Structure formats: structure tokens, C-alpha cells
Amino acid sequence: MITVEGLTKVYGGFTAVDDVSFVARPGEVTGFLGPNGAGKTTTMRILAGLTRADRGVATIGGHDYRQIPNPGRHVGILLDASAQHAGRTGREVLTLGAKTMGLPASRVDEMLELVSLTDAESKRRIRNYSLGMRQRLGIAHALLGDPQVLILDEPANGLDPAGIRWMRGLLRGYAERGGAVLLSSHLLHEVEQIADTMLVIGHGRIVASGTKAELLTSTGAFVRSVDDARLAPALQAKGVTVRPDGKGLGIVVDAEPQVIGETSLETGVALLELRAADGAGLEDLFLQLTADTQRESKTEGVPA
Amino acid sequence: MSTATHRPATFDVASTPRTPFVRLVSVELRKLVDTRSGRWLLIVMAALILLGSAIFAWAERDGAVAFFDFTSVAGGVTGFLLPVLAILAVTSEWSQRTNMTTFTLEPHRERVVAAKLVAAVVAAVLSIAVAVVIGAVMSGFAALLGADVDWDPNLEGIAAFTVAQVLGLLVGFALGTLLLNTPAAIVVFFAYFTVIPGLLNLAGFYFDWFADVVPWVDFVSAQAPLANGFGGVEWGHLLVSGAIWFVLPLVLGITRVLRAEVK
């Protein structure tokens, strides 16, 4: 439903989006994961027709966004929940959207109910809204026109855990009814909970993509032996990928335990430990894939 | 939410009509009054016209009053506040960043700009209509107080007054699009009508050759004949000075709005 091919955007000398390609299919929630400044927002802005790409194409249902008539009826967009007039009420924001799209006023009440904003809250000015309430309002605005595609930039930002669970249910239901969702986050656990397919972006480039399962299995097995320096070349000789575990404790091997065991037997290097690579595999993957794009030199302490 | 239905896998836009322009205008009109600042601007405008007209009627209670005189009282208010209204209509979208929503719901920005322009003009004409009604009421008030009231509506005069007011509003609109910043646009607008004519005339005073140029570049003086009639050369002055001080900023401003990165 969303197709991006070879998308590139350069600001001055800075390449914000660098040859990005992906698809987001109907019936799926596609998670767009990356640290701040990785190019997620720029990609979404190009999709929404707010920014022009220097190279490549970004289409929704085969159309350039600008060619979609009354686009709010087809594509729901939330790019920044705080980008609303502080002096308008939440209800007024939805009313303006409904009027622009040619929807009945009853739609506003339906959306307020859907995102659990009470009647009293809807009559408050947005300057008095918490970020979580602004996100709910933004999601209500994106869903106003009953679109087939949703593009949400950091929608979980500011939601409490219950709010994130609510949004997961909402988006899951939306995707199950055939909608396509592209949502971004810089927090792994948010995307992990909500998305079917994930795109990991760093430095403007897609560095990994696939289903959660695919991304997890690629992290392989953790191996510790009496002599890793002898075992590793023997494994590599069999065409198996071997890499350091990053903590200096052992090696991570992309192979079945049987292959590793046989190699151990053949080389006479006894294994001390053989198990699936660490459970938080996706987090390691995320940190590893984005490590050189992080602002912090090393990801010690609190990870992004 | 009508989400019980399954969405078709295809993405069919052929049956969706584009957003009608009239709908965009009505939304832009609504935006003029749905915030406290917008609403109060209109309320203050009406209140000042009412107050000014009442004072005028009271002051002239023993003299002669023409119904049309009340337009100049109203003009003292609308001449400043209508351009501010137009400036706010444009710049508040950028300062409050609502243009992100506006331009995603209507990606053809030129339609949004045109709708805003039409909405601002409609608001100006309605404001003037209110001012005329207030003038009529206050004429009656003056008559009650004993003034000798000339009830000639002077439709031509009111039309010229309206054109001058709308022109002022359009200048505000142009500066709003050019600067995309509320305080800057308001300051420059007032400089337009106070500082710039003075500077031009000062330059004309010191440089003889420039004195002949001044009528062609002084947009404020060029608008004066709106009140008392144009000759051929006055039309020329208005067109030339208007091209410099209104059309040029408007063209540059609209170009900027169409291209600017919405942040």
C-alpha cells in the first residue's frame, strides 16, 4: 500500500534519507524503528507531501500523495501531536478536519469516543492537554476520514503503558480489517509490541527489515569454548558467520547447535556454553545496528 | 467508527471528488473566529467602532452630521485591525504549526492560500457592513440628540471606502505570507503606512529628481484618490506603487508559502 523506492533527501551537506526503499502492506502494522534523527520523520513527511524528495519515489496505493483527492479520506496522518493551535479545543480541531473532509459532525463524537477523550476534555483548550491526550487527539484526527492507510510518527510518545496497550489493540484491529499502518518509534519495545514487520533505520539508511521473528533468529547462537580463537576459524571454514558477542565473553554464531557441536568435536575444542543468543536479541540488534549512529559513543548506561 | 467493514485491498481514489473550494473557504472563515485571539480581535473591532461612533455622535449633537461621516470613524479602527486579522490568518498557521494538518488535508497549497485570501476579504466586507449598520444607528442617535443628520447613503463613497479597506487588508495578507511571522508582519505593516511615506517624501525633498518619482512609489498617497476620485495619472500612481508595495510582496510571499518546508 505504501511503496518507497530509492528515496533520498539531502539538506545542505546532510543526507537525512539515503536511498531508502520499503513497502508497507495492507493488513499489517509496519514499524519504523530508529534513533532520533535517523530519517524516520523526513521519510514520513515526504510520504505526506510536505517535503519534496531529491531522488526516488514515495507512493500510497500507487499515487503521489498530492494526486490523492481529499487525501484525508484515504490516508490518515499524524506527524506531530503538538502541532495544533494551543487556543483551540480538541473538539474544534476535529471539527475543522471533519468540515474540510466533508464529514458529518457526528463523526467528531465517534472519534472522541474511540480515543476515550471525554466530552469535558474535548471542550478544553489544547494548551491544557497532556502529551498523551494530544496523541489521542492526533490519532482521532488521523482516523476521522476512515482512511485505508495510517502514517503515524511516534504515536506512542507520551502515552502511559495502558495507553500504549490501548493503541496496540486499536492499530491491530485496524490492520486486521485490511488497513495498512506505518508507525515510527525510537523505542524498541513500543514497536516490538505493536508491529508485524519492522524497518530499522539509522543514518538515513534502512539497516535491517523483516518480521520480528526474522530479525530475532538472525542473532544466532552464543558460544563459549576453551579456545574461541581456534573454534571460530573452523566454523567460518564451513561457511558459517561468526562475530564477537560484543562483551568479550564468547562468540555469536549463525548456525544450528548440531553444526557447532560437530565442529567442536572435530577441532577438539571443548564447549563451555552453547545457547540461543541473548533473549533481548532485538534490543541488542537495534543497539548494534544503530550503534555508529548514536550520539553517545558507547551505549553504556541507559539505552536510547 | 464505520470500521466493521473490511477495507478493499485496492486503493481507489477515482470516486473521491477533490475538496470543493467553497468548503476550504468556509473552514478558513471558521478558523478566523474559533480561537480567542481571532474572536477578540473582531469583538474589539466592533466595540471600538461603536465607542468611536458614539463619541462622534455625542460631539456633533449640536451640529450637522452626515451618515457617511461615520465610515471615517470606522476606518480609523478597521484600517489597522483588518490587516492584523489577515496577517494572523496566515502567520498563526506557521507559529502554531497547524499548517502541517492544513497542508496534509489539502496538499495543493495554492488552494489553501486562495481560500484564506477569500475568507479574509469576506470577513473584511462583513466587518464593514457591521460598521455601516453601527453608523446608521449612531446617525439616529445623533438625530435624537438634536443633530442635523444628512441621511444620504453615499453608496459610491461606501464602495470606495470598502475598496480601500480591502486593499489594506490585502497588503497585510501579502506581508503575512512574505514574513510568516506575526510580530514582524505587523511591524512592517505599520512601517508601511508611517515610516515609508515619510522617508520617500524626505528623499523627494532633498533630491529634485526623486520628487517626480515619489507619487509613483508612495503607495499611501496613491490610495488617497479612492476617497475623492481618480484621474488617469492617479490610476497610474496606484498601479505602479501597488505593484511595488503590494503585488511584489504578495508574489514573493505566495511563492514562499508554496515552497517553504513545513516544520
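Each chain gets a letter, A, B and so on, in the order its sequence line appears, and its residues count up from 1. Since the model is a prediction, treat every value here as computed from it, not as a measurement.
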So does Phe22(A) have more than 12 non-hydrogen atoms from other groups sitting under 6.0 Å from CZ? yes
Less than 4.5 Å apart, side chain to side chain, heavy atoms only: is that true for Glu92(A) and Arg30(B)? yes
Before you tell me yes or no, could you show the steps for His85(A) and Arg97(B) under side chain to side chain contact (heavy atoms under 4.5 Å, CB included), namely the whole-Å CA-CA distance, both residues' side-chain angles and the distance that decides it to 0.1 Å? CA-CA 7 Å; His85(A) 198 297; Arg97(B) 303 196 301 140; over 6 Å; no
Please tell me if the side chains of Phe11(B) and Val75(A) come closer than 4.5 Å, counting only heavy atoms from C-beta onward. yes
Could you please spell out the steps behind the side chain to side chain contact (heavy atoms under 4.5 Å, CB included) verdict for Met101(A) and Thr19(B)? CA-CA 7 Å; Met101(A) 292 181 227; Thr19(B) 312; over 6 Å; no
No-hydrogen, no-angle side-chain donor-acceptor test under 3.5 Å, Glu261(B) and Thr51(A): yes
Atom pair CD/CZ of Gln96(B) and Arg127(A) - distance to nearest 0.5 Å: 8.0 Å
Of the listed Leu96(A), Thr95(A), Ile77(A), the one with the largest count of heavy-atom pairs under 4.5 Å with chain B is Leu96(A)
Engaged part of Ile60(A) at the chain B interface, taking heavy atoms whose separation is under 4.5 Å: both
More than 12 non-hydrogen atoms from neighbouring residues, nucleotides or ligands closer than 6.0 Å to CZ on Arg55(A), yes or no? no
Check this for me: Arg39(B), atom CZ, are more than 12 non-hydrogen atoms of other residues, nucleotides or ligands nearer than 6.0 Å? yes
Go through Thr41(A), Leu78(A), Leu79(A), Asp80(A) and name the one with the most non-hydrogen pairs under 4.5 angstrom from chain B. Asp80(A)
Thr104(B) and Pro71(A) have their tightest heavy-atom pair at O-CG, 3.3 Å
CD-CG distance between Gln148(A) and Asp12(B), expressed to the nearest 0.5 angstrom: 8.5 Å
Between Leu24(B) and chain A, which part of the residue has a heavy atom less than 4.5 Å away: side chain, backbone, both or neither? side chain
Is it the case that the side chains of His141(A) and Thr101(B) hold a donor-acceptor pair, with the cut-off being a distance below 3.5 Å and no angle test? no
Are more than 12 heavy atoms from other residues, nucleotides or ligands located less than 6.0 Å from atom CD of Glu110(B)? yes
Could you check if a side-chain atom of Gln67(A) sits within less than 4.5 angstrom of a side-chain atom of Pro107(B), using non-hydrogen atoms only? no
For the side chain of Arg23(B) and the backbone of Thr100(A), is there at least one donor-acceptor N/O pair under 3.5 Å apart? yes
Just by distance, do the side chain of His74(A) and the backbone of Val13(B) share a donor-acceptor pair under 3.5 Å? no
Determine the option with the most heavy-atom pairs under 4.5 angstrom with chain B, choosing from Gly97(A), Ala83(A), Gly61(A). Ala83(A)
Can you see which heavy atom on Thr16(B) is nearest to which on Pro69(A), and at what distance? O-CG, 3.2 Å
Which one of Arg52(A), His63(A), Arg73(A) has the most heavy-atom pairs closer than 4.5 Å to chain B? His63(A)
Chain B contact via Leu50(A) - side chain, backbone, both or neither, heavy atoms under 4.5 Å: both
Region of Arg259(B) in contact with chain A, defined by heavy-atom distances below 4.5 Å: neither
Validation row: Met100(B), Arg45(A) side chains within 4.5 angstrom (heavy atoms): yes
Side chain to side chain contact (heavy atoms under 4.5 Å, CB included) assessment of Asn70(A) paired with Glu106(B): CA-CA 7 Å; Asn70(A) 200 352; Glu106(B) 180 47 86; over 6 Å; no
Treating Arg125(A) as the side-chain partner and Thr35(B) as the backbone partner, does any N or O pair qualify as donor plus acceptor under 3.5 Å? no
Pair count under 4.5 Å, heavy atoms only, with chain B: among Ser82(A), Gly49(A), Gly102(A), highest is Gly102(A)
State the CG-OG1 distance between Asp34(B) and Thr89(A), to the nearest 0.5 angstrom. 7.5 Å
